[in-house]
Structures are given as C-alpha cells and as structure tokens.
> 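Here it is, the structure, as structure tokens.
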Protein chains: 2
Amino acid sequence: MPKLNPLKKTAATRDPEATKCQILDAATIEFAVGGLAAARTESIAAKTGVTKAMIYYYFNSKEELYRAVMQRCFNEDLRLVKQLNLDQLTPPQALVTVVSNMYQKMCSRPQMASILALESIQNSGKYYPQQTAEILFDQLIDLLDRGIDSGDFRPLESRHTAISIVGSCAFYFIARENLKHMWPGQDLLSPEMIDRQSKEATNMILAGVLAPGKSV
Amino acid sequence: MPKLNPLKKTAATRDPEATKCQILDAATIEFAVGGLAAARTESIAAKTGVTKAMIYYYFNSKEELYRAVMQRCFNEDLRLVKQLNLDQLTPPQALVTVVSNMYQKMCSRPQMASILALESIQNSGKYYPQQTAEILFDQLIDLLDRGIDSGDFRPLESRHTAISIVGSCAFYFIARENLKHMWPGQDLLSPEMIDRQSKEATNMILAGVLAPGKSV
DNA sequence: AAGATAACTAACAAGTAAGTTAATTATTGG
DNA sequence: CCAATAATTAACTTACTTGTTAGTTATCTT
C-alpha cells in the first residue's frame, strides 16, 4: 500500500548517518523553541526529509532524542572551549577571551541558551548533562580564582560571580525576542549588534572584577 | 447527574473574585513551568478548587488566561518599582536599590523570570506586555544615563548595559535548577543564598559601571 | 420567598500527538 | 545476482487536550 516517491535524493538515497544528523538538527531547533514538553515529534519529522517513524527507529522516544540533542550541544561546546587554552593567558586576558567567545558561540548557535533555559525551567535540570556542563563552568570559576590569587581580581566569590557573568551574556539570547523593541528594525543577532553587546558586557564584567588599579 | 461535594469552603461557597484569583495563581505556576504551549488547562484546574470549565467561563481561552497572567505579573512589578522613588537617590545609590530590589522581587515570585524567558523563547515575545515592560526597563536605562551625565558612571551604552545588568540577576532564577549542583544540598532560593548572590552581583555591577575613583 | 441571574459542575465532542506496525525499498555480502 | 538485512514509509492505535454544553446550585433582588 505505501507508495514511495520514485525520484528522491538523487545520489545518497539512503544514508543512516545523514538521517540521524538531520533528525538531531531538526530536533535541536524544535526543542529550542518549546523544550521537551512542547516539542512535537511530527513537527521535528516535518523539518527533515524523513518520516516520524525514523525518530523512533533511531532514538526510541522523544525523551531519548532530547537527551541526544542536549549531549551533542555540550560536546560541541566542550570542544570549542578546549581550543581556547585559557591557562596560557593572564586571568584578565582569559576572562575577556571567555566572554567574547561565549557571545560568538551563542551567536552561531542561538539554540544553546534557549535549550538550557528551557531544561532548567521545564524539567528542573533533570536532563542537564552535569558532568559535561560542570567542566565548562569550572573553567570560568578556576580562572576567577586564579585572578584573585594573582591579585588581578578583587576578592570575590567565584561561583556566584561566574553565574552573574554567564547570566549577563546568556540573558541577551534568552530574552532577545522580548527585548527587540529596544532597537526597532534591528536584528539582535546581527554581527554588529552582537559585537556591541559583547563589548559592553566585557567592559562591565572586566571592570566589575578587576582589583583597583589593575587592567588587562 | 452532577453531584456536588456538600461540604466545600465553609463560609464563601461562591466567590467569583476569589475564584478568578485562584485560577490566576494556579495558571501563573503552570505557565511558569511550561509556558503557554506546554501548560495544561486540566492541570491548572486541578490546582484550584474549581473545574476546568471555570477557566473558560472567566477567561474564554488558554491564550486569554495567559495574557491575564502576564499582565498581572507586570502590574505588580510596576507597583513595586514605583515605590522605590529612584529619582530621589544618587545614581549609584539608585542602582544598588534597583539591583537588590530585583533579587527580592524574583525571590518572592520566582515565576516571573521563568514566564518572561518562556514568553521570549516560545512565543517570540508575542504576548510580552511591551508598554508596561518598557517602563520598567526605562527606569534602569534612565538611571544609568543620569549617572553618566553626573560623572558617577563611566561612559557606557545604557541599553546594552541594562540588559547585562538584568541578565546577571535573572539568569540565577532562570537557570537555578541546572546550577543547583554547584551548592549540593542547598536551596538556591533560600534567603541566605539570595543574599549572597545579590551581594556579589551588586558588587560586580557597581564596580562595572562606576567611573574610576568614584564610589557609592 | 420566589424568580432571575450568576457561578459552577460533569460529561462529552472534536481534534492532536506519541508511539507502533506491517509492508516496502535500498544496500550489502557471499 | 540473490538472499539477508538495514532503512524507510503510510497508516493506524491509543491516549491526551482543548473547548463546549446542558444541566445544577447558590446568591441576589424585589
């Protein structure tokens, strides 16, 4: 009874890896808007070249697909952060690098911030990949501690401050649709806007943590 | 056929205003977890003493109920902010007041941050009450501009900086469920934790915007 | 105190969504 | 090149969700 379209993808009519990737890509977009709860498997499938049944063939359930999306997001992030070689920079330099890099990452993949916010709000962090995420956060916390020890940064509680720092960045991406009226007609994800926001945030954060008299 | 529980609320068996309020309260909690899309009217009703039909009787649809919840949130917020009389304070004093007040508000109603984040992410800010919200944001922006003019604050772009400031506060509440492993066994909404986070954020923000040599 | 009206309920109709299944087509290894 | 297997599909089942409706009970007015 099922009648297949005779002329599908010319070359690779079947490519399991590509199909899995297509599903993950589509799911990332869908989960970034509604989170696990509001995402529709039908809608994810519609974004791909394959049917909904493929989601279950490769990922067994919406929940497992969600886990896979989250894990992939963090793996990519981890890979990028490792390339920064923060230990080889002074604490102030490292902080500037981390912050501007955070904006670059969130700009190129604006789903990241949304997915994490939704995970916390909707699922109480049940699917948050702690192990991986901790490495990322610790990178920033260690950097702050290093700066306090070296006298570059004023005395501060590094964990609380790390949250403020990440928050000042992430919030721009999380709340951007609410805030767009502040710059009518502008795209808040345009390179120019990101650049301005990134610079202002970097200025505030750096000035906010540097010990009196110190600079980059 | 409908059999009513003979012993309901002793006194006010019927109280339209209280019922509406119950629905709004329950809806606020439900929308704060799932947003408009993932909220269940059935679940909202279950949190109240009345049936689902009452939601439609008083609010016509899930969407209108959502609008009402959002509007009430902002009205409360606006009332609180007006009481601060920021004009009567110096810019640094006013900034400290705004920030610590922001933590107090979000602590007493942690739904606020979640609802706003969800609105931006899920609905692209379609239901975001711009008029009301703008007043709140402008309060902070004007304060920053006032500080730049007076020389208390360094030159900065007040809109971008305002976002960083609000973000460093809001993010703690938005992402708290993801971040709770940073303080194992602690309640991130406990007065002590809020106080510490608030203090650290205030320190960073103030130091981040003050002109060199200036203080509160 | 009776009739009108406002508040409220249980049960239902219609539509949506997750996950399954049996059949179909492509790929691969002998 | 053929059989086994992997990838894929359309259609279906089951469960859930929104919104409605017809009827019931409390309250209010005169």
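Chain letters run A, B, ... following the sequence lines, proteins first, then strands; residues in each count from 1. Here the structure is a predicted model, which means the values were calculated and not measured.
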> Any salt bridge linking B/Lys20 with B/Glu17? Criterion: basic side-chain nitrogen under 4.0 Å from a carboxylate oxygen.
yes
> Between A/Tyr57 and D/dA7, is there a contact of a side-chain N or O with OP1 or OP2 at under 4.0 Å?
yes
> Let me know the distance between CG of B/Asp15 and P of C/dA6, rounded to the nearest Å.
16 Å
> I'd like to know if A/Asp187 and A/Arg176 make a salt bridge, using a cut-off of under 4.0 Å between side-chain N and carboxylate O.
no
> Thinking salt bridges, do A/Arg109 and A/Asp77 make one under a 4.0 Å N-O criterion?
yes
> Expressed as a whole number of angstroms, how long is the span from A/Glu17:CD to D/dT8:P?
11 Å
> For B/Ile55 and D/dT17, give me the distance from atom CD1 to atom P, rounded to whole Å.
13 Å
> Whole angstroms only, please: what is the OH-P distance between B/Tyr66 and D/dT18?
15 Å
> Look at all strands and tell whether A/Ala38 reaches a base, only sugar-phosphate, or nothing, counting heavy atoms closer than 4.0 Å.
nothing
> Side chain of A/Tyr56 only, please: which of C/dT20, D/dT27, D/dT18 is the nearest?
C/dT20
> Can you find a side chain N or O atom of B/Thr19 that sits less than 4.0 Å from OP1 or OP2 on C/dC8?
yes
> Ignoring the backbone of B/Thr41, work out which of D/dT18, D/dA7, C/dC8 is nearest its side chain.
D/dT18
> Just how far, in rounded Å, is P of C/dA17 from CD of A/Glu63?
19 Å
> Whole angstroms only, please: what is the CZ-P distance between B/Phe59 and D/dT18?
16 Å
> Check the phosphate of D/dC16 against B/Arg40, side-chain N and O only, distance under 4.0 Å to OP1 or OP2. Yes or no?
no
> Return whichever of A/Lys52 or B/Thr51 has its heavy-atom-nearest nucleotide of DNA chain C closer to the 5' end.
B/Thr51
> Rounded to the nearest angstrom, tell me the gap between atom CD in B/Glu42 and atom C1' in C/dA17.
17 Å
> Between atom CE in A/Met54 and atom C1' in C/dT20, what is the gap in whole Å?
12 Å
> What's the closest nucleotide to the side chain of A/Pro16 if the choices are C/dT20, D/dA7, D/dT27?
D/dA7
> By nearest atom, which of the nucleotides D/dT9, D/dT17, C/dA7 is closest to the B/Tyr58 side chain?
C/dA7
> Which listed nucleotide (C/dA17, C/dT27, C/dC8) is nearest to the side chain of B/Arg14?
C/dC8
> Which residues pass the side-chain hydrogen bond (donor to acceptor under 3.5 Å, both in side chains) test with B/Asp138, not counting sequence neighbours?
none
> Check every strand shown and say whether B/Ala39 touches a base, only sugar-phosphate, or nothing at a heavy-atom separation below 4.0 Å.
sugar-phosphate
> For A/Asp142, is there an ion pair with A/Arg146 - N to carboxylate O distance below 4.0 angstrom?
no
